[in-house]
**Student:** 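Input: one structure, supplied below.
Every value quoted in this text rests on a predicted model; they were computed, and no experiment measured them. Below, read A as the first sequence line, B as the second, and so on, with proteins coming before strands; counting in each chain starts at 1. Heavy-atom basis, side chains included; hydrogens, waters and symmetry copies ignored.
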Amino acid sequence: MSGRSGRIVKLDKFIYGSSSSDPNPKSGSTSSQATSGESVSNPSSSDPTPRSNTTSWLLGELNNFVDEVEGLLLDVRYDGRFNKAVAYLVDSNNRLVRWVDRTDHKPYFLTDAEPEVLASIGISSDNGLVVQFDVTAKFHPIRRERVKVTKVIVRDPLAVRKLRSTVQSKGYKVWEADIKYHHNYIYDNQLIPGMVYRVNRGWHRVEGGLDESYAELIESISRGESREYKDLVLEWALMFEQKPLDVKRVAVDVEIYSPEEGRVPDPEKASYPVISIALADNRGRVKILLLYRDNMAFEGGIPEGVEVEIFDDEISLLLEFFREVEGYPVVLTFNGDSFDIPYIYNRLVNLGVDPHLIPVEVHEDKVTFRHSLHVDLYKLFSIKALQVYAFGGRYRELTLDAIAEALLGMGKVELDTPVPRASLDKLIAYNVRDAMLTLNLTTFANNLVWNLVITIMRISKLGLEDVTRHQVSTWIRGLLNWEHRRRRWLIPSREELRGEMARSKAIIREKRYKGAIVLEPPRGVFFDVLVLDFASLYPSIIKNWNLSYETINNPWCKGGRKVVPEVEHEICVEFKGITSELVGLLRDFRVKVYKRRAKDESIPQDLRTWYDTVQAAMKVYINASYGVFGNEAFPFYSLPLAESVTAIGRSVLVNTLKMAEKLSLHIVYGDTDSLFIWDPRGESLEELIRYIEDNYGLELEVDKKFKVALFSGLKKNYLGVTDRGEVVIKGMVGKKSNTPEFIKEEFKTVVNLLGGVRSFDDTVVVLDKVREHIAEVYRKLKTKGYTLEELSIKVMLSKDPGRYVKTTPQHVKAAKLLEKEGVRVGKGDIIAFVKTRDSVGVKPVRLAKLSEVDANKYLEYVRTAFEQILLALGVNWEEVGGQKSLAKLLNLK
DNA sequence: GAATTCGCGTTGCATG
DNA sequence: CATGCAACGCGAA
C-alpha cells in the first residue's frame with residue numbers, strides 16, 4: 001500500500017515551540033467610551049496592540065487579533081489573560097478575527113448601599129478589587145420611579161461574586177450581580193450578535209437598508225403608538241431584514257481505536273489512538289486525516305472528492321487537525337463538547353504535549369476553540385423548543401443518525417465490521433458521512449438551521465456559543481435583560497418580583513396554577529366540521545391585556561386597574577408593561593409582516609425563504625413566552641402573570657362558546673384556543689369572528705375544514721379528513737410513538753380507508769372492512785405472523801435506569817436486561833422491547849425470540865388502538881374484536 | 001440549567 | 001386477590 005507519506009510535521013517545533021503570542025495589553029490612554037448604553041467612567045484604558053497577522057503557523061500562535069474590522073459579530077467572551085471582553089467577528093474574507101475591548105468596559109453590580117457605607121464595611125478601592133463607585137440613577141420598573149443606586153465597578157468578574165455576598169450579608173440590596181460578564185458587555189454596548197459592525201475604538205453598527213414597501217408595514221404595526229415605540233419597531237425591522245452571511249464552517253468527526261468492541265472509549269482517559277478525523281466544510285471541501293496502522297488496508301476505492309492524508313504519527317495527525325480547523329470561523333461537531341474534542345485534548349496531553357499549546361479550552365460542560373467558535377449540534381438539537389416548534393417533533397432520539405434521518409432523509413453508513421477493524425476505505429466512508437451529516441444539519445433547506453440560529457441570536461442578544469447551548473428561557477431572559485438596559489431600567493431581583501405582588505391566591509392555595517379548558521367531546525361521526533382557532537392566543541392575551549410582571553398587582557400603580565376574571569389579579573393600565581410590549585411586538589411582526597411576506601409571491605424565492613425562517617424563529621419565541629413565566633427558575637418568574645394568561649384564555653373561550661350558542665352555532669368540541677363547529681349556516685360565523693375582534697381584539701380564524709370528523713368521546717382524541725383529503729389524527733393511540741410498530745402500520749391502513757368517507761353510508765362500508773382487518777390482525781398475531789421488530793414497543797428512558805426508585809416501568813426492566821448483557825444504556829435512549837410470557841413480562845428486542853412473545857397482551861393493545869375509531873363509528877369492541885365475532889369472521893374465511 | 005397545564009393508557013405497588 | 005392510586009411516558013394545546 002502506498003500511503004505512508006502524508007504531511008509529517010516537525011514535531012519538536014510544536015511541542016517546544018514558542019509560547020503564547022496573545023497580546024499583552026499595553027497601557028495607554030484613550031478617551032474612548034461605549035458608543036451607547038452607559039459610559040464606564042474609569043479614565044485609564046488599555047490598548048492592546050496585537051502583532052501583525054502571519055501566515056506561518058505554529059500551534060497556539062495563530063494571531064487573529066485586530067484593532068479594527070468590519071464584520072459579522074458572532075460572539076463575545078471574557079478573557080482572563082487581559083481581563084477584558086473579546087469580540088469575535090467574521091470579516092469579509094470569512095475569517096474569524098478577535099477584537100479586544102477598547103472601550104474600557106469593566107464588570108460591576110448595583111447596590112442600594114452608598115459608597116461611604118460600602119467603605120465602612122471594607123469595600124473600597126483600597127482592597128484591590130474595587131475600581132470605582134459610580135452613584136447613578138436607574139428607573140425602577142416596579143416602584144415606577146428613579147432610584148439612586150451605587151454602581152460598584154470592579155477589577156474582574158470574580159470580584160462581583162465575592163463582593164456581592166459581602167454587601168448582601170450586611171443587609172443591603174444587590175442588583176444585576178448574577179449576569180455573566182460577557183452578557184453585561186453586550187447589554188451595555190447595546191450589541192446585537194448576528195449583525196454587522198465596524199469596530200475600532202468603539203462599536204458602530206453597519207446598517208442595511210429597508211426597501212420602500214416596508215414603511216407601510218411598520219406603520220401598520222405601530223399606528224397610533226408613541227415615537228419611542230416607532231423607533232423600536234424600526235430597530236427590529238432592520239434586525240430582521242438583514243439576511244445573514246453564510247459563514248464558512250467545518251464539521252468534524254473523530255474515530256477512535258478501541259480493543260473492546262461495542263464500548264465507547266472514555267474521553268477522560270483517552271487511552272486509545274485517534275485513527276481518523278473527517279472534515280467537511282460548506283464550500284464543498286471534504287478531507288480525512290488517517291492514521292497509518294499495520295495490517296490495515298484499502299479493500300475498495302476512496303470516495304470521489306475526498307482528500308485523504310495519511311499520518312504515521314498520531315501527534316502529527318492531531319496537530320494537523322488543529323491547523324486545518326483554525327482556518328474556519330465556526331467548527332461544528334455532534335457531541336464535540338462531551339466527546340470528540342475532549343478526547344483529542346486529553347489524548348494529546350497523554351502523548352506528552354504541553355496542554356497550553358493545545359488551542360482549546362476545556363470547560364466543565366463545553367469545549368471552546370481558541371481561534372474558532374464551536375457549535376455542538378447535539379446540544380443545539382436538544383433544545384426542546386426547537387425540537388417542537390422548528391422541527392415539528394420530527395426526531396425523538398438525540399443521535400446523529402436519528403436526527404439526520406428525520407431532517408435530511410439520510411442516516412449513517414452501516415458497517416459490517418466495527419470501526420477499529422473496518423477496512424480503511426470503509427472507515428473513510430463511515431467517518432466522512434458523519435462529518436457530512438453534521439455539516440448538512442446546518443445547511444439543508446437553504447441554511448435553515450444556520451439562519452435560524454442567527455435570527456435567534458439577534459432576538460435574544462446572545463452569542464453563537466450561548467444560543468446553541470441553552471434552552472428557550474435563556475433566550476427570553478437575554479432579550480428582557482437587554483431591553484431593560486436599553487431603557488436604563490433596573491433589572492428587578494427575584495425577591496422584588498416575589499415580594500408585594502406575588503401574594504396571590506395561587507401561591508397560598510398551592511404551588512401550581514390552573515390551565516386551559518378542554519370541552520367534553522361527543523362520540524360519533526360528524527360531517528362538515530369547521531375548526532376555528534385564536535391566532536397565537538396566549539401571546540395575544542399578554543399583549544392585549546398589558547400583562548407583565550410589573551403591571552400585575554403592583555401597589556405602586558397610581559392609575560386605573562383591570563381585574564382578571566376568576567383569579568382576580570389587578571392589572572395596571574396606566575403604563576405599558578415590558579413583556580407585553582416585547583411579546584406583542586414579536587407577535588405583530590410575525591403575524592402582520594413575516595408570515596405574509598413568506599407567502600408573498602411577488603417576493604423573490606430566496607428572500608421568502610429567509611422571511612420564513614424569521615417567522616419560524618419568532619414562533620419559537622412566542623410560543624415559549626407564556627410558559628417561562630410559570631417556571632420558578634426563570635429570573636422573571638411571575639406566577640400571577642402565567643395564571644392571568646390562562647384565566648383570561650378560559651374566559652375568552654367560554655364567552656366565545658356562549659356567543660356561538662346565541663348565534664345558533666353548534667359547537668362539538670374545543671380545546672384551549674380552538675372551537676369545532678358543526679355545519680355552520682348563514683352569516684353566524686362571520687358574526688362570531690367580528691364579535692371576538694371587536695370585544696377582545698383577538699383574531700379568530702378558520703384553521704381547517706373537515707369533511708368528516710370522528711370523535712371517540714375522549715378529550716384530545718379525534719380524527720378528521722379535510723376538504724383536501726388530508727387525514728388529521730390527534731392523540732389517538734394508533735399514532736403514538738410508544739405503540740407497537742405493527743399496530744401503527746395496521747392503524748394507518750384503516751385510516752386510509754377513512755380518507756374516502758363522504759357520507760354516512762360510506763362509514764358502514766368502511767366499518768365492514770375494519771372488521772375484516774381486525775380479524776386478520778388477530779389471526780396474524782396468533783400465528784406469529786409478525787416479526788420481533790414489528791412487535792417492538794419503543795419507549796424513552798427519561799432518566800438513567802438506576803434512577804427509577806419508586807417504580808420500575810417495563811422499558812426500564814428491559815433496559816436493565818440490556819445492561820446485564822453489557823450494553824450501555826442511559827437517559828434519552830429509546831428502549832425497544834417486546835412483551836413476553838416469562839415472569840418479567842418484557843425482553844429487549846435484541847435478546848428476545850419470537851416464541852417467547854405474549855400474543856394476548858398484544859391483542860389488548862390492538863383493542864385500545866382500534867377502539868378509538870370503532871367507538872366513533874358507533875360500535876363496541878365486543879361486536880368486532882370480541883372472541884365470538886372474531887371466531888365467526890375467521891371461520892368464514 | 002431548567003417553558004406551561006390538561007388528558008389518556010399502562011403498569012407498579014401498597015392496602016386491605 | 002381485588003382495588004385504587006401513583007408513577008411514567010407521550011401527546012394536544
**Student:** Between Asn623(A) (CG) and dT5(B) (C1'), how many Å, whole number?
**Tutor:** 15 Å
**Student:** Taking the side chain of Tyr513(A) as its heavy atoms from C-beta onward, which of dG9(B), dT4(B), dA3(B) lies nearest to it?
**Tutor:** dT4(B)
**Student:** Does OP1 or OP2 of dG12(B) have a side-chain N or O of Lys813(A) closer than 4.0 Å?
**Tutor:** yes
**Student:** Please check the phosphate of dT10(B) (OP1 and OP2 only) for any side-chain N or O of Gln810(A) closer than 4.0 Å.
**Tutor:** no
**Student:** Under the side chain to side chain donor-acceptor pair (under 3.5 Å) rule, collect the residues that match up with Glu483(A), sequence neighbours excluded.
**Tutor:** Arg486(A), Arg487(A)
**Student:** Looking at residues at least two apart in the chain, or sitting in another chain, which of them share a side chain to side chain donor-acceptor pair (under 3.5 Å) with Lys461(A)?
**Tutor:** none
**Student:** Could I get the full list of side-chain contact (heavy atoms from CB on, under 4.5 Å) partners for Ser540(A), not counting sequence neighbours?
**Tutor:** Ser536(A), Arg587(A), Leu698(A)
**Student:** Just to be sure I understand the rule, does Thr646(A) reach a base, reach only the sugar-phosphate, or reach nothing, if contact means heavy atoms closer than 4.0 Å?
**Tutor:** nothing
**Student:** Using whole Å, report how far CD1 of Ile456(A) lies from P of dA3(B).
**Tutor:** 13 Å
**Student:** Could you check how far NZ of Lys715(A) sits from P of dC8(B), rounded to whole Å?
**Tutor:** 6 Å
**Student:** To the nearest Å, how far apart are Ile383(A) CD1 and dG1(B) P?
**Tutor:** 13 Å
**Student:** CG of Asp178(A) versus P of dG1(B): gap in Å, rounded?
**Tutor:** 11 Å
**Student:** If you look at every strand shown and take non-hydrogen atoms under 4.0 Å, does Gly515(A) touch a base, only sugar-phosphate, or nothing?
**Tutor:** sugar-phosphate
**Student:** Could you check which of dG9(B), dG1(B), dT5(B) has an atom nearest any side-chain atom of Lys180(A)?
**Tutor:** dG1(B)
**Student:** Do we see a donor-acceptor contact under 3.5 Å between the side chains of Ser548(A) and Glu550(A)?
**Tutor:** yes
**Student:** For dA3(B) and Ser473(A) - does any side-chain N or O of the residue sit under 4.0 Å from the phosphate oxygens OP1/OP2?
**Tutor:** yes
**Student:** So, is Gln868(A) near the phosphate of dG9(B), with a side-chain N or O under 4.0 Å from OP1 or OP2?
**Tutor:** yes
**Student:** Just by distance, no angles: are the side chains of Asp466(A) and His182(A) close enough, under 3.5 Å, to form a donor-acceptor pair?
**Tutor:** yes
**Student:** Please classify the nucleic acid contact of Ser625(A) as base, sugar-phosphate, or nothing, using heavy-atom distances under 4.0 Å.
**Tutor:** nothing
**Student:** Quickly work out the Leu386(A) CG to dA2(B) P distance and round it to whole Å.
**Tutor:** 12 Å
**Student:** Quick one: which residue pairs count as a salt bridge (charged side-chain N to carboxylate O under 4.0 Å, His left out) with a foot in residues 531-547 of chain A, not counting sequence neighbours?
**Tutor:** Lys543(A)-Asp588(A)
**Student:** Round to a whole Å and report the spacing from CD of Gln387(A) to P of dA2(B).
**Tutor:** 13 Å
**Student:** Would His374(A) and Glu465(A) count as having a side-chain donor-acceptor pair, cut-off 3.5 Å?
**Tutor:** no
**Student:** Can you check the Tyr861(A) OH to dG9(B) C1' distance for me, whole Å?
**Tutor:** 9 Å
**Student:** I want to confirm an ordering. Mapping Lys857(A) and Ala633(A) to their closest nucleotides on DNA chain B, which one lands closer to the 5' end?
**Tutor:** Ala633(A)
**Student:** Only pairs at least two apart or in different chains count here, so list each side-chain hydrogen bond (donor to acceptor under 3.5 Å, both in side chains) that has a residue in residues 375-386 of chain A.
**Tutor:** Asp337(A)-Lys379(A)
**Student:** Check nucleotides 14-16 of chain B against the protein and report each pair of N or O atoms closer than 3.5 Å, with its distance, or say if there are none.
**Tutor:**
none

**Student:** Please list, chain by chain and in numerical order, all residues satisfying side chain to side chain donor-acceptor pair (under 3.5 Å) with Arg837(A), sequence neighbours excluded.
**Tutor:** none
**Student:** Give the B/S/- string for nucleotides 8-13 of chain C, one per nucleotide from 5' to 3', where a protein heavy atom under 4.0 Å of the base yields B, of only the sugar-phosphate yields S, and otherwise -.
**Tutor:** SBBBBS
**Student:** State which residues pass side chain to side chain donor-acceptor pair (under 3.5 Å) with Glu790(A); sequence neighbours excluded, sorted by chain then number.
**Tutor:** Thr787(A)
